[in-house]
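For ligands, and for the atoms within them, numbers begin at 1 and follow the listed sequence.
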Amino acid sequence: MSNVSAKNASKTHYSTCTLCEAMCGIEVKTQGQEILSIKGDRENPFSQGYICPKASALKDLYDDTDRLKTPVRKDGDKWVAISWEEAFGVTAQKLHDIQQAHGNNSVGIYLGNPNSHNMGSMLFGPYFYRALKTHNRYSATSVDQLPHHIVCRKLFGHMSQIPIPDVDHTNHFMIIGGNPLASNGSIMTVPNVKKRLKDIQKRGGKIVVIDPKQSETADISCEHHFIKPGSDVLLLLAMINTLYRKNLTNWDGIKQYIPDIDAIKDYTAHYTPERVASHTGINAQTIEQLVIDFCEAKSAVCYGRMGASVQVFGTLTQYLIMLFNILTGNLDRRGGMMFTQPAADILAVAGPGSMGKYTSRVRGLPAFGGEYPVSCLAEEITTTGEGQIKAMVLGAGNPVLTTPNAEQLDQAFEQLEFMVAVDFYVTESTRHADIILPPVTGLERDHFDLVFHNFAVRNYVTYSEPVVEVSDEHLTDWQIYLSLAEKLDELNGKPTKHYKHLWDKKPSGVIDDLLRNGKYGAEEHNLTLEKVKANPHGIDLGPLQPALPDAIFHGDKKIPLEFDYFMGDLPRVEEHFFTPKSDKGNSPLMLIGRRHLKTNNSWLHNSPRMHKGSNRCSAQIHPKDAKVHAIADGDQIVVTSRVGQVTVEAEITDKIMPGVISIPHGWGHNKKGITWQVASQNAGANVNALTDEMAVDELSGNAVLNGVPVSIARAS
Ligand SMILES: Nc1nc2c(c(=O)[nH]1)N[C@H]1C(S)=C(S)[C@@H](COP(=O)(O)OP(=O)(O)OC[C@H]3O[C@@H](n4cnc5c(=O)[nH]c(N)nc54)[C@H](O)[C@@H]3O)O[C@H]1N2
Ligand SMILES: Nc1nc2c(c(=O)[nH]1)N[C@H]1C(S)=C(S)[C@@H](COP(=O)(O)OP(=O)(O)OC[C@H]3O[C@@H](n4cnc5c(=O)[nH]c(N)nc54)[C@H](O)[C@@H]3O)O[C@H]1N2
Ligand code: SF4
Ligand SMILES: [Mo]
């Protein structure tokens, strides 16, 4: 009896929201298996009580009756519940047979964004991926931050050694293609970003936003400039050119690490503000003033995110952003771009990111960090020949809504011999699976933010126990992946006992090792997992500190600027912007994307409370463009690109630059067979039916999802 009542007692837990990069501390009240409430944890030193409306979606996700709780096998149009044993057995056998018949590369893997918020799949998933021994690996990285990885791999020697804006100390924050007020920050873990941005202004500093949309962040900034999508590369070249012409460079402090710093000048000599003005839409005088203001500030940081990365010159743009920070003396200085020094330093044990080892079979796109760009996934499934993908593993991703030319990928998935998905929903993508293996949700597993502690604007550490206990029939992602690895090795005649220590150790054991061996494992902090657990609100480890030269992974502790590689893309810039085009005249609109506080890529649309308010999946266009095409606010319009067509509602607003149209991604829940009931009643349209798989940033192969040429017309 006493046991039962103890089980049903109400409890308060302190945990971390796993939905976005901000890592907000939450206070969760439960009674038995029921989640009663989720609030911000006021005693959390990092997020100080802040949460966004999405935090409640964690409860909705947990309660969702559409969510899968047992493995299922497809049987005609139906899904049949099966045991874990059968699910692992069938999956491993199928993958094994297909690899035996067609080679290891005949199995493809696509890993989606939520993996990066899941220490279990980060740490133990790779045992399964490695057991598959396939080169055909893909992830959401190549529709996102791949350019950041390449720049930091080259400059600092590790793909994840990415410096982040010291938001809490800067006096001048230039944001290029990021909208932290909607996204809550990215590659910049910054809970309650709105307050932190306002604090910059309170201490007399300035926020400048460069964006084709007057975003929510632009609304609270001091200055916003429209820029033509995809032309940031020119703006940055002209900003660096201005630094030299006005003698504003300030690199005395950093020159010791960058012997060839002086050579930057020649590469940018052509790109005067006058030459780039009409191509960017920002006049020459404004470009110069942007630079002067930046250099006059006590400290300053230039930060570029999604809008700057996922476009035609994403890698060169991110490289030039880094150079601009370097040349103005703002790398590794307080208030500039700084390296976080996390307690569990995954970089010390993870590979630096392999480059230039191989290229994709059909189109020859470069592999990076063992993955090909996802833009070429469909063709690798549909093009016959050795190495053709015949089976897919999908882990926490929905590429049918999130990757370019999504309809083509949707059809390609139809022709697979086998698909297994590790996911808890039947989505637009997982509906193609033969077997779905559902893990538990964020509140049912322990959590340590392996990735985002590395990008936090303060050094900080926290670990959370599961908020609700689950019985043994419910597995975490890592248990699923280790089980699959074991089964596969068994079929390949390999001993499986080498996973035994992992089952015993669990991901938390790895975290304990990382903490003990990390920067705060000795001396004053003596951090261990026990100690972190004993501080359920998390432990503040202080503001960001200068970290050079330690932060450099290259043996000589220098930062090579790799001009041949990066500036080797300048001829493409010339060709793209400065050679006359034959198709002058009827210039198309440029499509860009956006985020909303109550969305999370493709997957929180089954929570009714995330739909409250106006239609989020609208096409925003400027009044001038609306007039040209005789479109009224609220009209249905047809948007057409090289690869597809969608119909969406027009939203006329002067917050968007003339010539630009903005449609958010993650919508289009109208495919047959999905079981997201709420989502399918608010389906929206899939913008990635318009984005073009053949348009990539050539250096990285990253998709071009911003700056896609489209035409529009009122729907008849
Ligand atoms: N046009 C356009 N397209 C874009 C973007 C854009 O700005 N514009 N943004 C791009 C970006 S930045 C990204 S990161 C991608 C995201 O693209 P994806 O990663 O492909 O898509 P998500 O919507 O994040 O997929 C989440 C899936 O994971 C499942 N899931 C959630 N949590 C877990 C978990 O803990 N374990 C498991 N196994 N499954 C889980 C969900 O049910 C859902 O099916 O989209 C990209 N696509
Ligand atoms: N609420 C919510 N939060 C999220 C997500 C979500 O789906 N919803 N997704 C998460 C993920 S996976 C990521 S990667 C982050 C992304 O976080 P952010 O990088 O902040 O992404 P967005 O909010 O899409 O902002 C991108 C901005 O770039 C602008 N832009 C588009 N094209 C260009 C261009 O060519 N040049 C310039 N200068 N700007 C351009 C857009 O107008 C937009 O304002 O957000 C994360 N947080
Ligand atoms: S900002 Fe991100 S981490 Fe914070 S509550 Fe919202 S979704 Fe969760
Ligand atoms: Mo992302």
Side-chain angles (χ1 to χ4, degrees), residues 15-26 38-41 44 46-47 49-58 112-114 116-117 139-146 148 174-194 209-218 224-233 235-236 280-282 303-314 317 321 402 442 449 452 590-605 610 616 620 655-657 660-662 664-666 704-708:
S15 183
T16 303
C17 174
T18 49
L19 292 173
C20 89
E21 299 177 32
M23 289 194 325
C24 298
I26 49 177
I38 301 180
K39 289 191 184 139
D41 174 5
N44 183 297
F46 189 43
S47 57
Y50 174 82
I51 48 168
C52 85
K54 279 194 299 301
S56 339
L58 284 169
N113 168 279
S116 60
H117 300 271
S139 79
T141 292
S142 52
V143 281
D144 189 353
Q145 80 285 3
L146 181 55
H148 295 257
M174 182 186 275
I175 303 177
I176 303 182
N179 184 13
L181 251 62
S183 68
N184 283 302
S186 185
I187 316 198
M188 167 174 77
T189 288
V190 55
N192 205 354
V193 64
K194 189 173 182 178
V209 173
I210 312 286
D211 198 305
K213 162 102 193 271
Q214 186 189 322
S215 63
E216 293 83 348
T217 307
H224 163 243
H225 302 280
F226 281 136
I227 186 165
K228 291 187 186 171
S231 69
D232 304 81
V233 65
L235 170 68
L236 283 147
T280 57
I282 305 179
Y303 158 84
R305 216 16 223 115
M306 260 303 286
S309 297
V310 191
Q311 52 139 296
V312 62
F313 293 103
T317 300
I321 287 174
T402 59
D449 234 303
F452 298 103
M590 299 288 252
L591 170 69
I592 61 168
R594 67 173 189 271
R595 283 171 163 76
H596 187 280
L597 206 51
K598 289 190 187 169
T599 65
N600 200 23
N601 296 317
S602 75
W603 69 284
L604 289 182
H605 299 156
M610 293 298 115
R616 303 207 208 303
Q620 297 180 331
K655 293 204 167 188
I656 193 111
M657 188 177 191
V660 179
I661 172 169
S662 158
H665 73 289
V704 177
L705 304 177
N706 291 300
V708 179

Where is the nearest protein heavy atom to [atom]: which residue, which atom, and how far?
{"atom": "atom 4 (Fe) of ligand 3", "result": "C24 SG, 2.3 Å"}
{"atom": "atom 16 (C) of ligand 2", "result": "M306 CG, 3.6 Å"}
{"atom": "atom 33 (C) of ligand 2", "result": "G307 O, 3.5 Å"}
{"atom": "atom 7 (S) of ligand 3", "result": "K54 CE, 3.4 Å"}

- Message: Heavy atoms only, cut-off 4.0 Å: how does E21 contact ligand 3, side chain, backbone, both, or neither?
- Response: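 No part of E21 comes within reach of ligand 3.
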Is the shortest distance from a heavy atom of [X] to ligand 2 less than 4.0 Å?
{"X": "A182", "value": "yes"}
{"X": "D144", "value": "yes"}
{"X": "P212", "value": "yes"}
{"X": "K228", "value": "no"}

- Query: Is any side-chain heavy atom of L58 closer than 4.5 Å to a side-chain heavy atom of C17?
  - Reply: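 The answer is yes; the side chains approach within 4.5 Å.
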Any idea which of [options] brings a heavy atom closest to [atom]?
{"atom": "atom 2 (Fe) of ligand 3", "options": "C20, G40, C17, P180", "value": "C20"}
{"atom": "atom 2 (C) of ligand 2", "options": "N600, T599, L19", "value": "T599"}
{"atom": "atom 15 (C) of ligand 2", "options": "G230, S215, S186, S309", "value": "S186"}
{"atom": "atom 46 (C) of ligand 2", "options": "S116, S183, S231, S602", "value": "S183"}

- Shortest non-hydrogen contact from L181 toward V193: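 Result for this residue pair: CD1-CG1, 4.2 Å.
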- Item | Ligand-side contact atoms (ligand 2) for residue partner N706, heavy atom cut-off under 4.0 Å |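 Reading through ligand 2 atom by atom, the close ones are 31 (C), 32 (N).
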Can you check whether [Y]'s main-chain N or O pairs, donor with acceptor, with [X]'s side chain at less than 3.5 Å?
{"X": "R594", "Y": "N179", "result": "no"}
{"X": "S47", "Y": "G25", "result": "yes"}
{"X": "T599", "Y": "R595", "result": "no"}

- Could you tell me whether I210 and ligand 2 have an N or O pair separated by under 3.5 Å?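 So ligand 2 has an N or O lying under 3.5 Å from an N or O of I210.
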- Check whether any N, O or S atom of C52, backbone or side chain, sits closer than 2.8 Å to atom 2 (Fe) of ligand 3.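 So C52 does not bind atom 2 (Fe) of ligand 3 by this criterion.
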